[in-house]
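I have placed the structure first, in the form of structure tokens, so that the comments after it can refer back to it.
Quantities reported herein were computed from a predicted structural model and do not represent experimental measurements. Quick note: residue numbers are just sequence positions, from 1.
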Amino acid sequence: MIEILDTTLRDGEQTNGVSFSRHEKTAIARLLLDELHADRIEIGSARVSKGEFDSLKKIAQWASQTPYLPRLEVLGFIDGGESLQWIKSAGCQVVNLLCKGSRKHLAEQLGKTPEQHVAGIVREIETAEQMGIAVNIYLEDWSNGMQQSPEYVYRLTDALVCLPLKRIMLPDTLGVLNPEKTYACCHEMVTRYPGIHFDFHAHNDYDLAVANVYAAVRAGIRGIHATVNGLGERAGNASLSSVVAVIHDQLKMRTSVNESCISRVSKTVEAYSGVHIAPNSPVIGEHVFTQCAGVHADGDNKNNLYCNDLIPERFGRMREYALGKMSGRANIRKNLEMLEIELSEDDMRKVTERVIELGDKKEIVTQEDLPYIISDVLHYDTQENKIRILNYSLSLAQGLKPVATLKIEIDGKAYEEAANGDGQYDAFVRALRKIYKSLGRTFPMLTNYAVSIPPGGRTDAFVQTIISWRHEGTDFRTRGLDADQMEAAIKATVKMLNKIEREKYDGI
């Protein structure tokens, strides 16, 4: 069993621009412990501010009514007991004491000898014991210490293991490790000190944090630090969602984390932090459970050929099938199944062609958009159209009226005309009127024009233009759907012409 310490509320809050309010910190703490079931959470740093104190006190007050109080941890410092008093006053019971894990940091930042540093640590731990505060030790810059001054790390650890500590934490403070070095360094610590519980704390400067977690667990590390959505200083920490997936699937080991709550917690932290989750972030990204290529959707219909162990339902998600230019019938069919819509093969072909057409213009057509596309295509395209737009050109220049040039086919014969107008669509309609006037046909009156995004659409994949007409005492409306507003209006207009053609001029 691998312990998970979530440090979103401490190290994650060191993300540039992130500062959680007291209410937000408390809400996140409750989610992490009550629902996600993290083993421990690091909720802040001692002596930072009055706001930090008030936040930690509120979390501790809530936790004191639950079994969770011993699972709240606070970063503290070797400062003659001031951090310890601050932590106790806030109602917390565990300090993660920050010590120097490299000779360079000790000499250049503190200006002390190893003996002086150990003496200070001993005094702080004795004070913590007297106050009833449990102690874990952070060996800050341990990864550089192991590579540059390993004799110092061993000398310090030799002194620490004799003290009443719960855990020793091994941070890759500057994110300098790779999986090979992580394994070697962690294995050395575990082998030298077999009775000690070690935690590993990764940073993601080289995008290797999760890979280093994998190596650390393989080396025998029993506790892993992570943050929700990978928040943290610089490039962030190891992302909790990826850490859990790797431990469960790649290492075949267990944690206490409830996977089904990961998505909810991630979205909550995204909202509170203001740091957006990248769409392609493993496990939690918007697109990671979306199949785009039609061949993949087809494979999913055939014994889930394109699925791996990262089943979206594990994480409170659902698999989606994107609609766009890469879509095939399988993608369309998957979405129709979810909407409980059945189409014939011929209708499916027409809808697929339309989705691909829209996908060429925009990146995504959403599932919510699909019923509107189906309605538009099947209501209009199943009819024989005697009037077709062969070509058109719209021009707009500053200081000049828009001009439209139009070529249209009526009953197999082509007609061409140009006109200007008060707008591009007005110019287009005026050119049409000229053609109809030359043929002795009446042109309907436009009585209303509305543009909308179909309800439920999450993107601007297309717009819906609804135009109301009056023709010889009859009122009716036509709709056009397209990624471009003008194109949608033109499609609605052509539908109107064909509707009149079928009703009035058939047989002439």
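His276 NE2: 12 or fewer foreign heavy atoms inside a 6.0 Å radius. For CE of Met1, the number of neighbouring non-hydrogen atoms (other residues, nucleotides, ligands) closer than 6.0 Å is greater than 12.
Applying the ring pair (Phe, Tyr, Trp, His ring centres under 6.0 Å) criterion to Phe315, with sequence neighbours excluded, gives no partner residue. Contacts of Arg264 classified as salt bridge (Lys or Arg N to Asp or Glu O under 4.0 Å), with partners at least two apart in sequence or in another chain: Glu35. For Glu42, the side chain to side chain donor-acceptor pair (under 3.5 Å) partners at least two apart in sequence or on another chain are Thr7, Arg10, Asn96, Tyr138. Every residue meeting the side chain to side chain donor-acceptor pair (under 3.5 Å) condition with Thr493, not counting sequence neighbours, appears here in chain and number order: Tyr425. Residues meeting the ring pair (Phe, Tyr, Trp, His ring centres under 6.0 Å) test with Tyr415, sequence neighbours left out: none. Considering only residues two or more places apart in sequence or on other chains, Asp34 meets the salt bridge (Lys or Arg N to Asp or Glu O under 4.0 Å) condition with none of them. Tyr206 is linked by a side-chain contact (heavy atoms from CB on, under 4.5 Å) to Leu208, counting only residues two or more places apart in sequence or in another chain. Scored by the side-chain contact (heavy atoms from CB on, under 4.5 Å) test, Asp426 finds Asp422, Arg430 as partners (sequence neighbours excluded). Contacts of Lys57 classified as side-chain contact (heavy atoms from CB on, under 4.5 Å), with partners at least two apart in sequence or in another chain: Phe53, Gln61. Shown here are the side-chain contact (heavy atoms from CB on, under 4.5 Å) partners of Ala492, two or more places apart in sequence or in another chain: Ile467, Thr478. For the side chain to side chain donor-acceptor pair (under 3.5 Å) test, no residue two or more places apart in sequence or in another chain qualifies with Trp62.
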Using distance only, find each side-chain donor-acceptor pair of residues 227-245 under 3.5 Å and give its atom names and separation, not counting sequence neighbours.
unit_1: Thr227; atom_1: OG1; unit_2: Leu231; atom_2: N; d: 2.9
unit_1: Thr227; atom_1: OG1; unit_2: Leu231; atom_2: O; d: 2.6
unit_1: Asn229; atom_1: OD1; unit_2: Ser266; atom_2: OG; d: 3.1
unit_1: Asn229; atom_1: ND2; unit_2: Ser266; atom_2: O; d: 3.0
unit_1: Glu233; atom_1: OE1; unit_2: Gln14; atom_2: NE2; d: 3.0
unit_1: Arg234; atom_1: NE; unit_2: Asp205; atom_2: OD2; d: 2.7
unit_1: Arg234; atom_1: NH2; unit_2: Thr173; atom_2: O; d: 2.9
unit_1: Arg234; atom_1: NH2; unit_2: Asp205; atom_2: OD1; d: 2.9
unit_1: Asn237; atom_1: ND2; unit_2: Asp11; atom_2: OD2; d: 3.0
unit_1: Asn237; atom_1: ND2; unit_2: His201; atom_2: NE2; d: 3.4
unit_1: Ser239; atom_1: OG; unit_2: Ser241; atom_2: OG; d: 3.1

Show your working on side chain to side chain contact (heavy atoms under 4.5 Å, CB included) between Met496 and Phe443 and close with a plain yes or no.
-> CA-CA 10 Å; Met496 173 272 293; Phe443 195 88; 4.0 Å; yes

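Atom-to-atom distance recorded for Asp6:CG and Leu32:CG is 4.5 Å, nearest 0.5 angstrom. To the nearest 0.5 Å, atom OG1 of residue Thr26 and atom CG of residue Leu56 are 9.0 Å apart.
Between Arg40 and Glu73, at least one side-chain N (NZ, or NE/NH1/NH2) sits under 4.0 Å from a carboxylate O, which counts as a salt bridge. A salt bridge is absent between Glu3 and Arg71; no separation between the charged side-chain nitrogens and carboxylate oxygens falls under 4.0 Å. In this structure, Glu417 does not pair ionically with Arg433, as no charged nitrogen and carboxylate oxygen lie closer than 4.0 Å.
For the pair His23 and Tyr272, the minimum side-chain heavy-atom distance is below 4.5 Å.
Ser143 and Asp172 are linked by a side-chain donor-acceptor pair at a separation below 3.5 angstrom, with hydrogens and angles left out of the test.
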